[in-house]
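This report refers to the structure that appears directly beneath it.
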Number of protein chains: 2
Amino acid sequence: MIASAPGKVILFGEHAVVYGRHAVVSAINLRCYAKAEKASDITIESPLGKTSLDFKVHPYVSYAIKRFSEIRPVKGVYLKIWSDIPIASGLGSSSAVTVAVLKSLDLLFETNLSNEEIFELARKVELDVQGIGSGTDPFVSTFGGTWLIPERERIDIGDYLDLTVIYTGKASITSDMVRKVANLREMYGDVIERIFDAIDSISLRSISALKDRDFEALSFLVRTNQLLLKALGVSCREIDEIVNKLENLGIPAKITGAGGGGSVIALGSVDLDGYKCLSVSLNAEGVREEKV
Amino acid sequence: MIASAPGKVILFGEHAVVYGRHAVVSAINLRCYAKAEKASDITIESPLGKTSLDFKVHPYVSYAIKRFSEIRPVKGVYLKIWSDIPIASGLGSSSAVTVAVLKSLDLLFETNLSNEEIFELARKVELDVQGIGSGTDPFVSTFGGTWLIPERERIDIGDYLDLTVIYTGKASITSDMVRKVANLREMYGDVIERIFDAIDSISLRSISALKDRDFEALSFLVRTNQLLLKALGVSCREIDEIVNKLENLGIPAKITGAGGGGSVIALGSVDLDGYKCLSVSLNAEGVREEKV
């Protein structure tokens, strides 16, 4: 049985969302796939290698099997994983693999889990591996679509909006960036809180801009959010370079995710020389069975 | 009799101050000088030309004479004007010339005006010429020092802080930039208001940073204020270029004044190749008689 789950982009609001403000997140048409077959023991095969239950090499897959086993014990399974989603790029590949694996196990063992139940398991796996986590990534990977968080209020944007994801070539270390913002907040409390408020207002303003297909407003919001992220100290030379190059072409772009590396998103379809550019569409379907 | 009055820089808070937020302004050691001598008719000699009372060529000087005449009628005077302050650079040259002329007339005609009275006249001249105006420039030019506005609360910063003023080579049209921000506010009300709030918090945070000579904090505040001004759409290619060049040297810089051209201020003493750089010190003395 084959299942797949989508990656995600944060459109607006990263970092500020850690401090109670709003963010907007959308599932993208890059997916992770998991094929589950009955077997006498546990084998996990992925681009990372071929292992048994292995919490170092395959932490998300291994914890997914462990959590699923609380519902239906898994003695043996052959799991094959492949993915469109670049790893450590801020595109939610960890949650996508978790959700896809859970769904493939659900299909193989006919446990008939609801999406709510798959999400709850994926949420536990996120905490098993990371210790912390907002639950947003497993949520979006499970349900698909576009969401205002933390309320998890669906935003109906249709399928008109295409983005380009441009990889900086430098890993984004989320914990480092979250700590950096926390330090700035410690030193300049009020200034940083007011920047969070400005980002919050951008996320809220984007709802109507997304619904109305208002590209002028979206461009303004993308540009402004990027300047505010830069003010939070989470941009870097590599990101600035990409954003400036795109800006010179008249294309608004911003960090997606924690920053300090990782990926930049640009409105529309872009091919930027010398960079890995991935064209993605938003508002993708959530976890699903793949018929072969 | 010779009198002089200082120019000013806005350290933090331009544009936001138009919408009721705080700004910090300081008198600088660039001054405008006015020499007044008794004569049978009125002559104004300046780098702009030699005229009689002329509201086109010498609007500020002519209105200053007109307003002063309400206290003590001026039949004739020979006024010579010269200045360290570049014109239309956001450094308050108009108010400096107004205040210097009023003081030179006061000295020549022995009217013994207080600084409060000189400020009130200069304030009227600002409105005569511009129609609108916050009164900040004539205030700082008269009293000198460093001020939190709109409260006009003096900030005692001593004389340790040097800045470099770098001219973009492009005139700053204040009315255009004020209108641009008003338009953005019309379209994205809440986002723009929250950016004003963030700028407000920068102005307030700068008080302790200035008093404590906390260069790390001042650097952060200058950088962040510049990003927020860019978010308000009042930066331009020329400004970005200067700010980026300085940033690459590790020197924080920001627009001073309305932007869209005009001047950039950088912390410390800088010499940037290909640009007119003026080293200035802050917290300069207000209007005064120059003894020859």
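Lettering of chains follows the sequences in order, A, B, ..., and the numbering in each one begins at 1.
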May I ask you to check whether over 12 heavy atoms, not counting those of [X], lie within 6.0 Å of atom [atom1]?
| X | atom1 | answer |
| --- | --- | --- |
| A:Ile132 | CD1 | no |
| B:Ile87 | CD1 | no |
| A:Gln130 | CD | yes |
| B:Glu151 | CD | yes |
| A:Asp156 | CG | no |
| B:Glu285 | CD | yes |

**Asked** Would B:Thr224 and A:Ile195 count as a side-chain contact (heavy atoms from CB on, under 4.5 Å) if you check the C-alpha gap in whole Å, the side-chain angles of each, and the deciding distance to 0.1 Å?
**Response** CA-CA 10 Å; B:Thr224 306; A:Ile195 290 172; 3.8 Å; yes
**Request:** Counting only heavy atoms closer than 4.5 Å, note whether A:Leu221 contacts chain B via side chain, backbone, both or neither.
**Result:** side chain
**Request:** Below 4.5 Å from any heavy atom of chain B, which atoms of A:Ile199 appear? Answer side chain, backbone, both or neither.
**Result:** neither
Please state whether the side chain, the backbone, both or neither of [X] comes within less than 4.5 Å of a heavy atom of chain A.
| X | value |
| --- | --- |
| B:Leu204 | neither |
| B:Glu216 | both |
| B:Leu228 | side chain |
| B:Arg223 | neither |
| B:Ala217 | both |
| B:Leu184 | side chain |

**Asked** Which heavy-atom pair separates A:Arg194 from B:Ala198 by the least distance, and what is that distance?
**Response** CB-CA, 3.5 Å
**Fill in**
Interatomic distance, NZ@B:Lys230 vs NZ@A:Lys230, rounded to 0.5 Å, equals 9.0 Å
**Asked** Does any non-hydrogen side-chain atom of B:Phe220 lie less than 4.5 Å from one of A:Val191?
**Response** yes
**Message:** Under a 4.5 Å cutoff for heavy-atom pairs, which residue among B:Gln226, B:Glu193, B:Arg205 has the most contacts with chain A?
**Reply:** B:Arg205
